[in-house]
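So the structure is just underneath, and the comments pick up after that.
Please read all numbers here as calculations on a predicted model, not as lab measurements. Chain naming here is simple, since letters A, B, ... match the order of the sequence lines and numbering starts at 1 in each.
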Number of protein chains: 2
Amino acid sequence: MDQEKQETQIKAETQDEILLAALQLFAEKGYFNTSLIDIKDHAGIKNTSGIYHYFKNKNAIAAALYANIFDSLNVSVDEIRRRNNKSSEQLRGVVDLLFKLTQDAPDVMKFLLLVKYDEFLADEKPIMETSATIKIVKIIQTGMNTGEIRAIDPYLAYGFFFGVVNNTLRLILSGALDKSPDFYLSQTWLAAWNSIAKKTNV
Amino acid sequence: MDQEKQETQIKAETQDEILLAALQLFAEKGYFNTSLIDIKDHAGIKNTSGIYHYFKNKNAIAAALYANIFDSLNVSVDEIRRRNNKSSEQLRGVVDLLFKLTQDAPDVMKFLLLVKYDEFLADEKPIMETSATIKIVKIIQTGMNTGEIRAIDPYLAYGFFFGVVNNTLRLILSGALDKSPDFYLSQTWLAAWNSIAKKTNV
DNA sequence: GTCTATACGCCGATAGAC
DNA sequence: GTCTATCGGCGTATAGAC
């Protein structure tokens with residue numbers, strides 16, 4: 001590894017440490033209760049000025065997290081659409097993904113479900129306009145065309161379906177439901193699907 | 001009206017103005033983006049010190065709002081339980097109430113559904129432990145006993161049902177669904193009920 | 001690219017006159 | 001119970017040496 005490459009590597013690592021620390025703290029305490037002091041301590045940096053070499057300000061850290069998470073979500077949704085044909089299968093894939101994330105990366109899901117972005121990320125797209133969301137709505141529309149899903153406002157159906165899924169995950173993440181995500185997966189899928197399916201398959 | 005009564009009346013009015021202003025601002029911008037300056041301007045008070053005669057600090061305003069809203073919700077749930085017998089009817093009553101509130105008092109519902117209390121009200125009960133929530137869970141448990149509702153973890157069923165309802169209301173309040181609450185009421189009720197009902201009644 | 005030191009603004013909160 | 005004035009502190013952000 002030549003000198004230049006190693007330096008960018010190190011730079012990327014420090015940046016990632018800051019992002020990881022911020023993610024954990026934002027997920028745990030919220031954006032406004034997290035100071036740059038907290039972040040520098042958590043990231044193992046000597047003082048706050050170091051942060052400003054990687055991010056313009058505190059807000060930019062949150063914006064980077066937001067972008068990373070939704071980009072990766074968008075990629076995952078693409079894969080899921082590629083690997084499955086029926087709308088029900090694709091939605092099931094998304095639910096599986098969200099449950100797996102809740103298990104493996106709870107901070108990511110806490111950030112995703114428990115944080116109110118618009119209070120500090122006014123310039124970012126609202127969740128309903130992100131690529132991932134739009135693609136999921138398309139899945140639902142397709143399901144309506146093929147007759148799997150009841151013909152209603154697609155955004156309403158989106159709200160029903162992910163109301164069930166996300167609210168269950170919220171209860172798990174907040175400790176109100178004490179079993180592991182896997183325990184609730186099949187029941188949650190069924191309830192979510194029942195809320196929008198045409199023929200109720202019990 | 002005698003002098004003393006009039007004074008307490010005036011005091012109560014000023015206090016209510018502060019609470020109303022705070023409710024609107026918290027609902028719109030969030031707790032941390034709202035300063036006491038904002039509140040005093042919105043409430044038509046000359047300066048911030050006035051606020052401290054009615055509330056110990058900014059946090060106490062939020063705590064009072066929280067208590068007021070959940071108390072009144074609790075009373076409403078009691079009434080609903082008194083007026084209806086079947087679990088399905090009682091749940092329907094709660095849904096009707098929440099939709100009506102979304103129509104008539106959107107700020108109250110924004111505060112209820114869009115604000116993360118635990119970031120600034122660490123000492124208050126979490127929502128899942130409020131009287132109103134506990135009573136609703138009881139309704140669900142009764143419905144399971146009588147066979148109306150599938151036999152699953154009552155808190156999970158609560159999560160399913162109000163996942164559908166609250167998420168729909170969230171989309172309405174945030175403008176992602178553009179019709180009035182009434183337009184979505186019957187569909188939402190059906191979807192929510194389908195997510196927990198034993199016999200799916202289409 | 002990391003450190004020390006420090007500036008600066010905002011906001012919550014208080015003291016005390018009236 | 002309302003006003004004027006002001007404090008103290010925190011937290012963001014910058015300047016500049018190394």
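Ring geometry, A/Phe70 versus A/Tyr117: the interplanar angle exceeds 60°, so the pair is classed perpendicular (tilted spans 30 to 60°).
Remark: A/Asp96 engages A/Arg92 in a salt bridge, criterion side-chain N to carboxylate O under 4.0 Å. Salt bridge absent: B/Asp153 and A/Lys179 never bring a charged side-chain N and a carboxylate O closer than 4.0 Å.
For the pair B/Ile45 CD1 and C/dG12 C1', the computed distance is 15 Å after rounding to whole Å. Atoms OH (B/Tyr52) and P (C/dG12) sit 7 Å apart, rounded to a whole Å. Between B/Ile18 atom CD1 and C/dG12 atom P there is a gap of 14 Å when expressed in whole angstrom units. Rounding to whole angstrom units, NZ of residue B/Lys40 and C1' of D/dT2 are separated by 14 Å. A/His53 has its NE2 atom 10 Å from the P atom of C/dC3, to the nearest Å. Atom CG of A/Leu36 is separated from atom C1' of D/dA13 by 9 Å (rounded to the nearest Å). Spacing between atom CD1 of B/Ile37 and atom C1' of C/dG9 amounts to 12 Å, rounded to whole angstrom units. The separation between A/Phe55 atom CZ and D/dA13 atom P is 13 Å, rounded to whole Å.
Residue side chain A/Ser49 reaches the base of C/dT4 through a donor-acceptor N/O pair under 3.5 Å, judged by distance alone.
Here D/dA13 is the nucleotide among D/dT4, D/dT2, D/dA13 with the atom lying nearest to any side-chain atom of A/Lys58.
Contact annotation: B/Asn47 side-chain N/O to D/dT2 OP1/OP2 distance is not under 4.0 Å. For B/Lys46, a side-chain nitrogen or oxygen approaches OP1 or OP2 of D/dC3 to under 4.0 Å.
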**Prompt:** Under the side chain to side chain donor-acceptor pair (under 3.5 Å) criterion, do B/Lys135 and B/Asn74 qualify, and how do the steps go?
**Reply:** CA-CA 8 Å; B/Lys135 281 169 187 166; B/Asn74 187 35; 2.7 Å; yes
